[in-house]
Chemist: 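Have a look at this one.
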Number of protein chains: 2
Amino acid sequence: MEIKTDILLGDCKEILKTLPDDSVDLVFTSPPYADQRKKTYGGIHPDRYVEWFLPISAELKRVLKPTGTFILNIKEKVVNGERSTYVMELIIEMRRQQGWLWTEEFIWHKKNCYPGKWPNRFRDSWERLIQFNKNRQFSMYQEAVMVPMGDWSKTRLKNLSETDKTRDESKVGSGFGKNISNWLQRDMAYPTNVLHLATECNNKNHSAAFPEGLPEWFIKLFTKEGDTVLDPFMGSGTTNFVAQRMKRNSIGIEIMPEYHEMVENELKPVELYLLDKKDSYAPTEPRRRIELR
Amino acid sequence: MEIKTDILLGDCKEILKTLPDDSVDLVFTSPPYADQRKKTYGGIHPDRYVEWFLPISAELKRVLKPTGTFILNIKEKVVNGERSTYVMELIIEMRRQQGWLWTEEFIWHKKNCYPGKWPNRFRDSWERLIQFNKNRQFSMYQEAVMVPMGDWSKTRLKNLSETDKTRDESKVGSGFGKNISNWLQRDMAYPTNVLHLATECNNKNHSAAFPEGLPEWFIKLFTKEGDTVLDPFMGSGTTNFVAQRMKRNSIGIEIMPEYHEMVENELKPVELYLLDKKDSYAPTEPRRRIELR
DNA sequence: CTGCACTATGAATCGCTAA
DNA sequence: GTTAGCGATTCATAGTGCA
């Protein structure tokens, strides 16, 4: 099997036009969040975020296969003590103007969120993972993300800190601990729409990197080997690295030459695999990140 | 101290008009979801949900104190394979038409959500808890909901790292006794905006009941003893029972006579407490629910 | 190889000051 | 008035080093 990884340089709004219709199985991306400060990457003002994004999502809809899925990782910022509404407005307009189906919203619970204390809010420890589809019928491989209950409960129990125990105990008068015995009866169970992952601390190379487990989970769920994954806001290339490791073709688009070059130097454009049984990709080590200044 | 609990019968849209301005410290409620509970509110269609709710939220804004908070527990249902957008539209219109501030969105992670399997989605294990305010300055008692810290705090307290020392050195100049008290209280940490609570399984009496821990957490966070809590969609009265146990006055409004009668029979309208120190309410047992068919 | 101690830092937010 | 810049605040996790 031949796995291709295309790393493209430029504004995704333009580059996307060069991709053929109905050619991508999964779009997984984390666009720059709306920001008032202009120096940072992107620097799109909240009030203009929707109009900036809509042309891009139109292209994404064109290149996505009818059975494909678009996962958008985003979270609204606090502006002047209030959450911005651009994410909600974007979902509404993508549905209304472009006919996207808003199938689901997953929650990424960031277990180690940024510290801080403010008089009127707590730390923000979750982000949205919004699922869009072109049709009600789309590819989904639920078995690929099933959680091994036996092992899971073992490690879970092992790793369950005293804090977790007491926290759970104190907040729930009844009903939590009992269920553990239920888990042991099954080998595998389907997950829910809440993902618990920690952010990676050692990402000095890109300000907006998500942990590899995040794209990995959605690539497992919505693609099979040999399918094609697209990240129009590639950044440090996490999605593409994971896709290649999992034997998926992938396309990454990045506007900043530094990131583009960095990823290109690290990724092999074509990887050959012997024909082997499904989903047996090697669980290689997560790559070492390259420093970028 | 005298704690009053008013249980009112009728459509909250009308009943709310009888309440005085600026008299409620916290509104905590879980309204009927669109097209759910058809028997009670006639099954509001998703397309008409916003126009149905806006007159009610207008009254809620009137009765809420300037420093008060409105917590709306809601989750959009799946209609025809797609999530409905009425919750988002509601937030946008409450902001735009009525001047509500959308301060924050908490996530309630339901750890033991309903089992089930569908070909195109996983179990839904989270709900929104949307925080609205009238002003940017509102009452918030963060210390009341602090949680025990992680295990690492023990070792960390023994030896402060160089980083922490230098980081702290910089702030010694400004705050004098502040830092000391901070470090002495380091057994506890502030929570995040993700709540982990199990649903209570034995709620057969009301279709939309939430666990007592949910209103309890927000009542702790946004009110003090003697304040007033309002639930315009009372249902089985969970909010009011918890409020009374925590020595808060409360008002509950319910349209269905059966629920209204049930709660009225169980709740004491006036409870007398001896004057004692703040927040020393007894952690009484959660009440036994009454079966209702 | 396991385990413990120690270090670094992460898509943060508020409030004040200066321009 | 309005905006931009900066200091202060804070906690869970992974990685490194060493016994």
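Throughout, a chain's letter reflects where its sequence line sits, starting with A, and its residues are numbered from 1. Please read these numbers as outputs of a predicted model, since none were measured by experiment.
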Chemist: Can you figure out which of C:dT13, C:dA11, D:dC11 approaches the side chain of A:V78 most closely?
Modeler: C:dT13
Chemist: Using side chain to side chain donor-acceptor pair (under 3.5 Å) as the criterion, list what pairs up with A:E127, not counting sequence neighbours.
Modeler: A:Y33, A:N73, A:K110
Chemist: With hydrogens left out and only the distance checked, is there a donor-acceptor pair under 3.5 Å joining A:S30's side chain and the base of C:dA11?
Modeler: yes
Chemist: Report the residue (A:P119 or A:Y114) whose heavy-atom-nearest nucleotide on DNA chain C is the more 5′ of the two.
Modeler: A:Y114
Chemist: In whole Å, I'd like the distance from the CG atom of A:N73 to the P atom of C:dA11.
Modeler: 11 Å
Chemist: Within this structure, what is the NE2-to-P distance between A:H45 and D:dA4, rounded to whole angstrom?
Modeler: 8 Å
Chemist: Once you round it to whole Å, what is the distance between C1' of C:dA11 and CH2 of A:W126?
Modeler: 14 Å
Chemist: Less than 3.5 Å apart, any donor N or O on the side chain of A:Q98 or A:S57 sitting next to an acceptor on the other?
Modeler: yes
Chemist: Rounding to a whole Å, what distance do you find between B:M188:CE and D:dA12:P?
Modeler: 12 Å
Chemist: How about A:E14: does its CD atom have over 12 heavy atoms from other parts shown lying under 6.0 Å from it?
Modeler: yes
Chemist: Counting only side-chain N and O atoms of A:N112, is one of them less than 4.0 Å from OP1 or OP2 of C:dT9?
Modeler: no
Chemist: Quick one about A:T5 and A:N240 (side-chain donor to acceptor, distance below 3.5 Å, no hydrogens or angles considered), yes or no?
Modeler: no
Chemist: Which part of the nucleic acid, if any, lies within contact of B:R136, taking any heavy atom under 4.0 Å across all strands shown: a base, the sugar-phosphate backbone alone, or nothing?
Modeler: nothing
Chemist: Any protein N or O atoms within reach of nucleotides 17-19 of chain C? Criterion: under 3.5 Å, listing atom names and distances.
Modeler:
none

Chemist: 5'-most contact on DNA chain D: A:G116 or A:A198, nearest heavy atom basis?
Modeler: A:G116
Chemist: Can you list the residues that meet the side chain to side chain contact (heavy atoms under 4.5 Å, CB included) rule with A:D124, with sequence neighbours excluded?
Modeler: A:K75, A:R83, A:W126, B:N193
Chemist: For A:Q97, what residues pass the side chain to side chain donor-acceptor pair (under 3.5 Å) criterion, not counting sequence neighbours?
Modeler: A:E93
Chemist: In whole angstrom, what separates A:H196's NE2 from D:dA12's C1'?
Modeler: 15 Å
Chemist: A:W118 or A:K111: which one's nearest nucleotide on DNA chain D is closer to the 5' end?
Modeler: A:W118
Chemist: Tell me, yes or no, whether the heavy-atom count around B:R136 atom CZ, taken from other residues, nucleotides or ligands under 6.0 Å, exceeds 12.
Modeler: yes
Chemist: Centres of the A:Y86 and A:F53 rings: under 6.0 Å?
Modeler: no
Chemist: Whole-Å distance between C:dT13 P and B:N193 CG?
Modeler: 9 Å
Chemist: Return the 5'-most residue of the pair A:G81, A:P115 with respect to DNA chain C, ranking by each residue's nearest nucleotide.
Modeler: A:P115
Chemist: For DNA chain C, what is the dot-bracket line, given that a base pair needs Watson-Crick (N1 to N3, plus N6-O4 or O6-N4) or G-U wobble (N1-O2 and O6-N3) geometry with both distances under 3.5 Å, and | means paired with another strand?
Modeler: .|||||||||.||||||||
Chemist: Round to a whole Å and report the spacing from NZ of A:K117 to C1' of D:dA12.
Modeler: 18 Å
Chemist: Holding to side chain to side chain donor-acceptor pair (under 3.5 Å), I want the full list of residues that pass it with A:S84, two or more places apart in sequence or in another chain.
Modeler: none
Chemist: What is the separation between atom CH2 on A:W108 and atom P on D:dT13, rounded to the nearest whole Å?
Modeler: 13 Å
Chemist: Knowing that exactly one of B:N133, B:T69, B:N135 qualifies, which makes a side chain to side chain donor-acceptor pair (under 3.5 Å) with B:T103?
Modeler: B:N133
Chemist: Choose from C:dG10, C:dC14, D:dC11 the nucleotide whose nearest atom is closest to any side-chain atom of A:R121.
Modeler: C:dC14
Chemist: When the C1' atoms of D:dA12 and C:dC14 are compared, how many Å lie between them, rounded to an integer?
Modeler: 22 Å
